[in-house]
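Protein chains get the first letters and strands the later ones, always in sequence-line order, with residue 1 at the start of each.
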Amino acid sequence: GAGVSQSPSNKVTEKGKDVELRCDPISGHTALYWYRQSLGQGLEFLIYFQGNSAPDKSGLPSDRFSAERTGGSVSTLTIQRTQQEDSAVYLCASSSRTLMNTEAFFGQGTRLTVV
Amino acid sequence: TQLLEQSPQFLSIQEGENLTVYCNSSSVFSSLQWYRQEPGEGPVLLVTVVTGGEVKKLKRLTFQFGDARKDSSLHITAAQPGDTGLYLCAGAPGNKLVFGAGTILRVKS
């Protein structure tokens, strides 16, 4: 497809279980972002990948959160030992960085509910 | 503390009214973006402003970038129910794109 694809669209998990969220960015985009959004709120930055550079992990809220980007394309966000406060919509975005701007194209998100 | 402060947080107005949403920072940005997000969807880019003092118009929406490139505003003329959504400003201090907390706009018919 032409857009950013995220899966699953919805995930309900039990507290303490691990979850994996997947993001397929737009082909050729070198930058990939993960954000977290609580209901009606803004986007909380989690992690940023740019090409082959080391990722910027400064937004990850705890060591239970990790992310990988394989082959410069698909990314997986993993949350270990999920807690109820992890419930949110997780959004992935990709961009083709240019000199003057960094427009991001978003997927529809994964709604995570921890029960 | 948010790098980008948006105000107001919530706005509920009648169809046909005008409104302005603000995005402020103490930092200088090479560019700022405005996104609009509808429920169940990801944000979608509306505009990018890159030059201090720049004004861009998108139909009934007018975007302005401050002269010092630290702030931006979004003005909507004659708001319509279809304008309802979450409006987010974003900028890239360094390499990563960060967002303000957003303004929830509700336009009642």
Side-chain angles (χ1 to χ4, degrees), chain A residues 1 3-7 9-10 21 23-26 29-60 67 88-111, chain B residues 1-12 21-25 29-52 54 56 63 65 69 72 84-106:
Chain A
V4 177
S5 178
Q6 290 188 247
S7 60
S9 55
N10 283 283
L21 312 181
C23 173
D24 282 276
I26 292 173
H29 279 189
T30 57
L32 187 147
Y33 306 81
W34 283 98
Y35 297 90
R36 180 169 70 175
Q37 185 175 36
S38 299
L39 187 62
Q41 301 297 309
L43 276 62
E44 176 189 3
F45 168 81
L46 297 178
I47 188 168
Y48 164 60
F49 296 89
Q50 172 61 270
N52 295 321
S53 302
D56 180 340
K57 304 179 181 181
S58 60
L60 294 178
V89 175
Y90 289 81
L91 289 161
C92 174
S94 70
S95 72
S96 175
R97 181 169 175 81
T98 64
L99 182 64
M100 292 295 290
N101 58 65
T102 55
E103 290 111 328
F105 296 85
F106 283 83
Q108 291 192 314
T110 294
R111 180 175 298 279
Chain B
T1 303
Q2 290 268 357
L3 182 62
L4 290 165
E5 298 283 348
Q6 286 191 243
S7 62
Q9 289 182 304
F10 180 77
L11 200 52
S12 181
V21 174
Y22 300 93
C23 175
N24 295 292
S25 177
F29 288 87
S30 59
S31 65
L32 282 178
Q33 292 88 41
W34 286 91
Y35 291 78
R36 177 167 164 259
Q37 184 180 23
E38 297 188 45
E41 303 289 330
V44 175
L45 180 70
L46 294 172
V47 77
T48 300
V49 286
V50 298
T51 305
E54 179 179 10
K56 280 191 174 179
F63 303 86
F65 199 12
R69 307 206 316 275
S72 182
T84 293
L86 175 66
Y87 289 82
L88 297 154
C89 68
N95 294 324
K96 69 189 183 195
L97 191 63
V98 295
F99 285 79
T103 294
I104 298 173
L105 171 64
R106 180 185 174 199

Proximal component of [X], with respect to chain B [non-hydrogen, under 4.5 Å]:
| X | result |
| --- | --- |
| A:Leu43 | both |
| A:Ser58 | side chain |
| A:Gln37 | side chain |

Gap separating the CD1 atom of B:Ile104 from the CD atom of A:Gln41, nearest 0.5 angstrom: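 Answer rounded to 0.5 Å: 7.0 Å.
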
Counterpart residues, ring-ring contact (aromatic ring centres under 6.0 Å, His included), relative to A:Tyr35 (two or more places apart):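 By the ring-ring contact (aromatic ring centres under 6.0 Å, His included) rule, A:Tyr35 matches A:Tyr33, A:Phe106, B:Phe99.
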
Checking B:Gln9 against chain A: side chain, backbone, both or neither under 4.5 Å from a heavy atom?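 Nothing of B:Gln9, per the 4.5 Å heavy-atom cut-off to chain A.
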
Specify the closest pair of heavy atoms between B:Leu97 and A:Ala104, including all atoms of both residues, with the distance to one decimal.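 Residues B:Leu97 and A:Ala104, closest heavy atoms: CD2-CB, 3.7 Å.
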
